[in-house]
Amino acid sequence: MNPREARALGIDVGSTTTKLCAVDGQGRRAWQAIEPTEPRIQEQARRMLAGALAAGVPPGLSLLATGYGRKLVPEARTALTEIGCHARGVHRELGRGGTLIDIGGQDTKVIAVGDDGKVQNFAMNDKCAAGTGRFLEVTAARLRVPLDQMAALALSAQEEVSISSTCTVFAESEIVSLIARGTEVPAIVRGLLRALVRRVGALARATGLRPPLMLSGGVARNEAVQRLLAEELGLSVTLPGEPQLMGAYGAALFALELQSQPPSGQSGMSSA
Amino acid sequence: MSLLSSIAYRLNVDLIGKAVLRLSRRRSERALRRRGEPPGPLAPPLFCSPQLKELISRHYLRGRYANGHRPVAWVTSGGPIEHLQALGYFLIYPENHGAVCGIRRTAQELCQVAEEAGFSRDICSYARTDIGSVLSGRTPVGRLPRPDLLVCCTNICQTVLYWYQVLAYHFQVPLVLIDTPFLYRPAEPHAVSYVRQQIEEAIPVMERVARRPLSPARLERVLAESKQAVELWMQVLERGKARPSPILAFDEFIHMAPIVEMRGEPDTTAYYRVLLSELDRRVAAGVGALREERRRLIWDNLPIWYRVRPLSDYLASRGVALVASSYTNAWGELAPLMDPRQPLDSLARVYLHPILNRSTGDKLRTLSRMVQEYQASGVLLHSDRSCKPYSVGQMDQRERLGRELSVPALLLEADHNDPRSFSEEQVASRLEAFLEVVLS
Ligand code: SF4
């Protein structure tokens with residue numbers, strides 16, 4: 001990775017973390033940064049871009065934004081949704097199409113990626129936070145377990161309780177009563193991950209599963225989720241190098257491609 | 001029927017109202033002509049739009065003065081109306097009125113009135129809008145006439161069954177209920193005769209409330225008129241198969257009002273002739289509803305009434321034409337079943353077969369056929385929080401459209417009339433991602 005070789009940038013402003021990635025002329029990752037998303041997105045993006053320059057990324061590179069806050073980055077020449085960017089990033093990293101599951105902070109997406117890296121179809125979780133990273137965040141906080149220890153706890157569990165609710169709010173109250181009954185925390189954590197994975201699995205099946213099963217997004221790093229998801233869908237899981245970064249990486253790849261084309265605006269429904 | 005009411009009706013509707021509405025139509029027509037080409041991705045509005053407005057306004061004006069002059073019936077959208085029309089009833093469709101409230105953004109406050117009276121938010125927002133309007137007397141159309149009779153047909157959902165009981169209790173008027181068995185397979189003869197018998201039994205009630213006997217000759221005329229209107233409507237929809245399409249489903253959502261609530265009337269038939277010939281002129285000249293039609297999509301389920309315009313503008317800005325919808329299609333597809341010479345049997349068949357009374361597999365076949373006939377590259381499935389019978393099965397329909405036709409479909413969660421169940425950001429981001437797929 002050599003930041004001085006960078007030729008284009010992608011920024012993924014997610015609901016939980018913001019990722020910035022630079023690629024060189026061949027589309028290889030040249031520099032990257034990940035931070036928790038702050039309320040002032042514009043300022044944060046500006047600061048992260050300055051950080052990239054300080055690290056040696058050349059100035060004036062074309063930038064493409066994706067993620068929830070994509071329209072709040074004025075420096076970006078255009079914006080695309082995370083769906084296409086994740087597909088693009090993962091396809092480049094793994095070199096093939098298949099079914100990509102991206103469990104993000106607020107949205108879970110199942111994306112059918114063609115062998116050319118294009119999105120053929122996709123499905124997203126419905127309006128509530130069930131089956132998303134937020135479900136884990138809220139329930140982990142209720143159990144007072146740090147998020148990054150959830151996987152280890154779940155994998156160490158001797159037993160597993162069944163959490164019947166995938167609704168974040170109802171799951172919280174289920175946890176309260178399980179704790180009151182003296183249930184071991186690892187068993188609850190494993191039950192929670194199982195509930196999440198069932199929900200995601202149903203979404204994946206409804207999209208029509210085509211192997212390989214690939215994961216991206218922050219939750220993908222959770223080993224227990226990987227293992228349970230593989231069990232749930234009966235397929236082994238393939239991971240890109242930095243699953244969390246795939247949106248920003250895909251965005252940077254698109255930016256690299258667009259560099260030779262004239263700028264074009266994209267308008268959202270609310271701004272139309 | 002009272003003499004005073006009849007004088008008021010003639011004066012306000014036939015003399016003053018008619019003249020005023022005609023004047024305002026002419027004014028709008030002149031304005032349309034003067035305006036020429038509007039900027040933006042949409043073609044100019046259809047020239048017959050002012051005529052549609054006149055037709056609908058006149059309908060509600062008639063309604064305003066109907067009580068005392070004509071018998072009034074409130075009917076569900078899938079209800080058998082031909083007998084009522086032959087008996088001279090003025091008809092109100094609470095669902096259509098609900099849509100007007102949705103478009104004019106008054107539905108939410110009316111829903112809240114119903115909720116405060118104890119009706120759950122889980123009930124269909126049309127029912128809540130209507131009950132809220134009845135309880136508060138508020139409506140964007142001036143005044144709704146009180147019903148003398150209620151006619152409820154369960155061929156669209158079971159909600160209407162309870163909703164109309166609430167209305168019957170509130171207004172203390174007779175309720176005619178037509179129960180239609182759900183069709184998993186083509187209708188069996190016993191199902192047809194079951195519905196036929198119920199229509200037969202309803203006739204004396206309709207006659208008694210109207211205080212006049214049904215004239216078979218008039219019924220046949222109404223049915224013939226109705227059939228013609230429905231056939232014309234189907235032709236209007238089929239013009240959407242042209243490339244570029246001269247009409248969008250968004251236009252159809254508005255132009256469908258007469259086919260739902262005035263389909264046995266000669267004015268309705270005349271209107272659809274005018275609309276059809278305008279569309280034919282557009283097709284002949286190669287004029288599309290969008291200046292640049294890059295892709296074509298199909299819509300499933302009711303419109304999101306309070307977002308029709310922004311959604312239409314957004315899709316238009318990306319060159320995406322919504323060329324057909326299973327919803328508007330529902331009012332045209334049954335034309336072949338209508339037979340004026342066999343009023344009872346054919347009506348029993350017609351009222352058994354609406355899309356919502358057929359299996360979800362049947363709906364999938366309808367959607368698949370539309371995708372092919374209209375050469376669409378995607379489907380927008382509005383998962384309507386209110387309308388469970390329309391939304392059930394959409395998950396599988398989405399998956400099968402992808403697997404069998406390689407056509408992507410997007411599930412959009414919203415509600416047709418209650419904006420509180422609509423999340424702008426969620427819908428916008430899903431739609432944007434979907435268009436990236438469709439346009440790539
Ligand atoms: S539930 Fe559906 S079919 Fe029934 S009244 Fe509501 S919108 Fe109409």
Side-chain angles (χ1 to χ4, degrees), chain A residues 13-15 66-72 78-88 99 102 104 106-114 116-129 132 202-210 247 250-251 254 264-272, chain B residues 40-42 304 307-320 377-381 383 385 391 393-415 420-440:
Chain A
V13 186
S15 60
T66 186
Y68 254 99
R70 63 185 175 278
K71 302 214 175 102
L72 300 172
T78 183
L80 283 175
T81 63
E82 322 70 292
I83 313 253
C85 291
H86 270 272
R88 184 62 193 268
T99 304
D102 164 29
Q106 259 184 31
D107 277 324
T108 290
K109 301 140 196 133
V110 178
I111 307 167
V113 187
D116 55 359
K118 281 192 179 161
V119 177
Q120 292 174 327
N121 204 346
F122 72 91
M124 274 162 108
N125 63 299
D126 45 30
K127 240 182 274 164
C128 72
T132 70
L203 193 66
R205 274 190 291 267
T207 314
L209 267 181
R210 188 172 72 98
F254 277 122
S264 72
Q266 302 262 341
S267 63
M269 191 170 89
S270 41
S271 58
Chain B
L42 284 163
I304 305 170
R307 297 302 289 168
V308 168
R309 192 58 208 263
L311 201 58
S312 159
D313 286 348
Y314 174 61
L315 292 180
S317 75
R318 309 292 303 270
V320 174
S377 43
V379 180
L380 293 178
L381 301 159
S383 169
R385 175 88 181 78
S391 310
Q394 281 177 324
M395 287 277 249
D396 297 312
Q397 285 151 8
R398 191 178 67 83
E399 189 259 327
R400 300 255 313 251
L401 284 166
R403 184 153 48 86
E404 291 164 16
L405 298 179
S406 298
V407 166
L410 177 72
L411 214 60
L412 273 185
E413 285 195 77
D415 186 283
R420 288 168 297 173
S421 299
F422 180 83
S423 158
E424 183 80 53
E425 187 49 44
Q426 296 254 5
V427 168
S429 66
R430 279 159 176 71
L431 206 54
E432 204 171 329
F434 186 67
L435 292 195
E436 281 173 13
V437 175
V438 170
L439 289 166
S440 74

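Throughout, protein chains are lettered first and strands after them, A, B, ... in sequence-line order, and every chain is numbered starting at 1.
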Where is the tightest heavy-atom contact between Arg430(B) and Phe122(A), given as atom of each residue plus distance?
O-CZ, 3.7 Å
Taking all non-hydrogen atoms of both residues, which atom of Ser429(B) and which atom of Thr81(A) are closest, and how far apart?
O-CG2, 4.0 Å
Closer than 4.0 angstrom, basic N to acidic O: yes or no for Glu425(B) and Lys71(A)?
no
Could you look at Gln120(A) and say if it's the side chain, the backbone, both or neither that has a heavy atom under 4.5 Å from chain B?
backbone
Return all side-chain donor-acceptor pairs below 3.5 angstrom for residues 403-410 of chain B, not counting sequence neighbours, or 'none' if the list is empty.
residue   : atom : partner   : partner atom : Å
Arg403(B) : NE   : Glu399(B) : OE2          : 2.7
Arg403(B) : NH2  : Glu399(B) : OE1          : 3.4
Arg403(B) : NH2  : Glu399(B) : OE2          : 3.4
Glu404(B) : OE2  : Arg400(B) : NE           : 2.5
Glu404(B) : OE2  : Arg400(B) : NH2          : 3.3

Worked verdict on Glu432(B) versus Arg70(A) for side chain to side chain contact (heavy atoms under 4.5 Å, CB included)
CA-CA 12 Å; Glu432(B) 204 171 329; Arg70(A) 63 185 175 278; 3.0 Å; yes
List for me each residue that meets side chain to side chain donor-acceptor pair (under 3.5 Å) alongside Thr207(A), sequence neighbours excluded, and say none if there are none.
none
Tell me, with the steps shown, if Glu436(B) and Lys118(A) meet salt bridge (Lys or Arg N to Asp or Glu O under 4.0 Å).
CA-CA 10 Å; Glu436(B) 281 173 13; Lys118(A) 281 192 179 161; over 6 Å; no
Select one option (side chain, backbone, both, neither) describing which atoms of Ala112(A) are under 4.5 Å from chain B's heavy atoms.
neither
